[in-house]
Amino acid sequence: RNNFLGWSVAEILKANGYEVIKSCIVNDRGIHICKSMIAWQLFANGATPQSTNTKGDHFVGEYYVKFNDAYKKEVEELIAAGKTKDEAEKEAPIMKATQQMLLDWENGKPDVMELWKKMNGWVYEGFDVTYKMIGSDFDVTYYESKTYLLGKDIVQQGLDKKVFFKKEDGSIWIDLTAEGLDEKIVQRKDGTSVYITQDIGLALQKYEQYKIDQSIYVIGNEQNYHMKVLQLICRKLGMPNADNIFHLSYGMVELTTGKMKSREGTVVDADDLVDEMVATSKKHTEELGKVKDFNDDELKELYNTIGLGAMKFYLLRVDPKKTMVFNPEESIDFHGFTGPFVQYTYARIKSILRKNETGDGGPFATGPLFKLEKDIIVTAEQYPAAIEQACAEHNPSVIANYVFHLAKTFNSFYTEHSIANAETEYKKQLRLKLASLTANIIESGMKLLGIHVPERM
RNA sequence: GGUCCGGUAGCUCAGUUGGAUAGAGCAUCAGCCUUCUAAGCUGAGGGUCAUUGGUUCGAAUCCAAUCCGGAUCACCA
């Protein structure tokens, strides 16, 4: 959802005349990375994504799970040996090894760095495959391994300005109780920075680097508090970018059975989901048998277009702010308020336009219009307003709803009035114009959602 | 407990700068393919807009209280 939202909002901003720079932050360091590394050292026997024929990011993810399994087991054993839960969690050998590895990483220990680079490389390879498949791209990528030290000098300045204060143990904090929040740490007692410190530094760096008017953070609503704190700190420090920070907060996607939890395996993997959607589009297409003359490449492209279109539309048709429910059993429908419905309307119009000669564009005689003809004109005229609203609200669902409404309006007209056998040549040309207009808007609107439209389906 | 977000049809969601009989899709039921692609179209049933009170000529929409659900309040990121 994050990816599709970011993409779509960027397109919508561009459509409103803004210049957009898409950036991505990769969490490529920290304790979670070390967990996978330790588990790989312990259990892999030198296995690689190639040797096991596994996608790189999934491969590394498997070792993250293996770490947690092993860790859990060790903790249970220690508790059985008489330790308290807290002691056991701290003393488990595999956890100690992981923490040591994090220190080694920060000190740049060669063999750790080498392993880190190798495993990260696998993850990136996997991500690349997924990003390419779903049509995602970024102009800038920030790696946390390179930005995690940012913001430390700002902390020092803040201390001088008395925005921050130092506790007896040397840790540095900001007091936000006057704003209804809590005290928040910005630097550990050992002098290392925390998450928010990096964000302060990165926010300023982005601002100085690109002179942006607005910095839009596409982040889940679980971090609403964090983003509030970030903006507040920037404001208190008098940073020039403070008011440019906008948190595009989106709700989580939940399953009918409840929240997705990676540790409990109740997650729907993006790759699996896309595969499933493409397979479903293949099944439907074959059943309908309308494209028997397509060659293999054309078929593959069509299945991707429909499958991805269905998925993206499904995720973008809901207000981003809202938590949404996804039912994996029922899968995503291809009828009604869906991507394929809109794509189908487009393909049908294109078919008409191929089969009917458009006139020389001479002046239209004025004449009475049927209600359904007027409906299309009225709806088409609303498109610019929909784009503006979507932009103002940072909300692609406005476009999804609009495009669906337009497609539905056209379909009603299509069933009621023939274009090829219109009452007069004038009527025919008028209707071809309306059809063409509708197709153009559908194509444009779907593009704003990152969805392709097929010429036939 | 503090802060924030949400509760609209069986399900998933629109609609909230206050305005007429609260709208879609799915699901259910009844129709429509000798005519431009039926992934479509037409119709039916289905609602105490969480509850209560308030403001108003008028409230799903604004205010208050209550109930229910979620997020968050880490020397994790």
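Remember, it's a predicted structure, so these values are computed and weren't measured experimentally. Proteins get letters first, then strands, A, B, ... in listed order; numbering begins at 1 in each.
Taking the C1' atoms as reference points, B:U48 lies 23 Å from B:C57, given to the whole Å. A gap of 15 Å separates the C1' atoms of B:A59 and B:U52, to the nearest Å. B:U16 and B:C62 have their P atoms separated by 10 Å, given to the nearest Å. A gap of 15 Å separates the P atoms of B:G47 and B:U8, to the nearest Å. Taking the P atoms as reference points, B:C13 lies 33 Å from B:A77, given to the whole Å. B:C36 and B:C29 are spaced 29 Å apart, taking the P atom of each and rounding to whole Å. Nucleotides B:G69 and B:U51 place their C1' atoms 15 Å apart, quoted to the nearest Å. B:A71 and B:G10 have their C1' atoms separated by 28 Å, given to the nearest Å.
With RNA chain B read from its 5' end, the first of the two nearest nucleotides for A:Asn395 and A:Ser418 is the one closest to A:Asn395.
Distances were taken from every side-chain heavy atom of A:His226 (C-beta onward) to each of B:C75, B:C41, B:A77; the shortest belongs to B:A77. Distance from the side chain of A:Tyr225 is smallest to B:U72 among B:U72, B:C13, B:C41. Relative to the side chain of A:Ile31, the nucleotides B:C41, B:C76, B:A38 differ in distance, and B:C76 lies closest. Of the candidates B:A14, B:U37, B:A77, the closest approach to any side-chain atom of A:Lys355 belongs to B:U37. Nearest nucleotide to the A:Tyr344 side chain, out of B:C75, B:A77, B:A38: B:A38. Side-chain atoms of A:Asp319 lie closest to B:A14 of the nucleotides B:A14, B:G40, B:C36. Taking every side-chain heavy atom of A:Ile185 into account, B:C75 is the closest of B:U37, B:U42, B:C75. When the nucleotides B:U37, B:C41, B:C13 are ranked by their closest atom to the side chain of A:Val318, B:C13 comes out on top.
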Close N or O pairs between protein and nucleotides 19-25 of chain B (under 3.5 Å):
from: B:G25; atom 1: OP1; to: A:Lys408; atom 2: NZ; distance (Å): 3.1
from: B:G25; atom 1: O2'; to: A:Phe337; atom 2: N; distance (Å): 3.3

Quick one: which protein N/O atoms are closer than 3.5 Å to N/O atoms of nucleotides 5-9 of chain B? Pair and distance per line, please.
none

(request) Step by step, work out the side chain to side chain contact (heavy atoms under 4.5 Å, CB included) result for A:Phe413 and A:Thr409. (result) CA-CA 6 Å; A:Phe413 159 77; A:Thr409 305; 6.0 Å; no
(request) Under the ring pair (Phe, Tyr, Trp, His ring centres under 6.0 Å) rule, what do A:Tyr63 and A:Phe59 come out as? Steps first, then yes or no, please. (result) CA-CA 7 Å; A:Tyr63 285 92; A:Phe59 179 83; 5.1 Å; yes
(request) Give the intermediate values and the outcome of salt bridge (charged side-chain N to carboxylate O under 4.0 Å, His left out) for residues A:Glu423 and A:Arg431. (result) CA-CA 11 Å; A:Glu423 296 83 349; A:Arg431 287 174 187 174; 3.2 Å; yes
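Look at A:Arg348 and you'll find a side-chain N or O under 4.0 angstrom from OP1 or OP2 of B:A38. For A:Arg29 and B:A77, the shortest distance from a side-chain N or O to OP1 or OP2 is below 4.0 Å.
Atom C1' of nucleotide B:U35 and atom NE2 of A:His417 are separated by 15 Å, given to the nearest angstrom. Rounded to whole angstrom, the span from the CZ atom of A:Phe334 across to the P atom of B:C26 amounts to 14 Å. Between A:Glu416 atom CD and B:G40 atom C1' the separation is 14 Å, expressed in whole Å. For A:Phe164 and B:C75, the CZ to C1' distance is 15 Å, given to the nearest whole Å. When rounded to the nearest whole Å, the span between OH of A:Tyr402 and C1' of B:G15 equals 18 Å. The interatomic distance linking A:Leu230 (CG) with B:C4 (P) rounds to 19 Å, in whole Å. The separation between A:Glu222 atom CD and B:C76 atom P is 18 Å, rounded to whole Å. Atom-to-atom, CD of A:Glu287 to C1' of B:U37 comes out at 16 Å; the value is rounded to the nearest Å.
Applying the 90° criterion around 0 to the glycosidic angle, B:C33 comes out syn.
Pairing for B:U66 goes to B:A50, judged as Watson-Crick or G-U wobble with the two contacts each under 3.5 Å. With a cut-off of 3.5 Å on both pairing distances, B:U37 has no Watson-Crick or G-U wobble partner at all.
For A:Tyr314 and A:Phe326, the gap between ring centers is short of 6.0 Å. Taking the ring centroids of A:Tyr344 and A:Phe341, they lie at or beyond the 6.0 Å cut-off. A:Trp116 and A:Tyr143 have their aromatic ring centers separated by at least 6.0 angstrom.
More than 12 heavy atoms of other shown residues, nucleotides or ligands fall within 6.0 angstrom of atom NZ in A:Lys152.
No cation-pi contact links A:Arg317 to A:Phe404, judged by a cut-off of 6.0 Å to the six-membered ring centre and 45° from its axis. For the pair A:Lys22 and A:Tyr131, the cation-pi criterion (under 6.0 Å, within 45° of the ring axis) is not fulfilled. Relative to the ring axis of A:Tyr250, A:Arg1 does not place its NZ or CZ within 45° and under 6.0 Å from the centre.
Screening residues 376-386 of chain A for side chain to side chain donor-acceptor pair (under 3.5 Å), with sequence neighbours left out, gives A:Tyr383-A:Ser444.
In this structure the side chain of A:Arg348 reaches within 4.5 angstrom of the side chain of A:Asn411, judged on heavy atoms.
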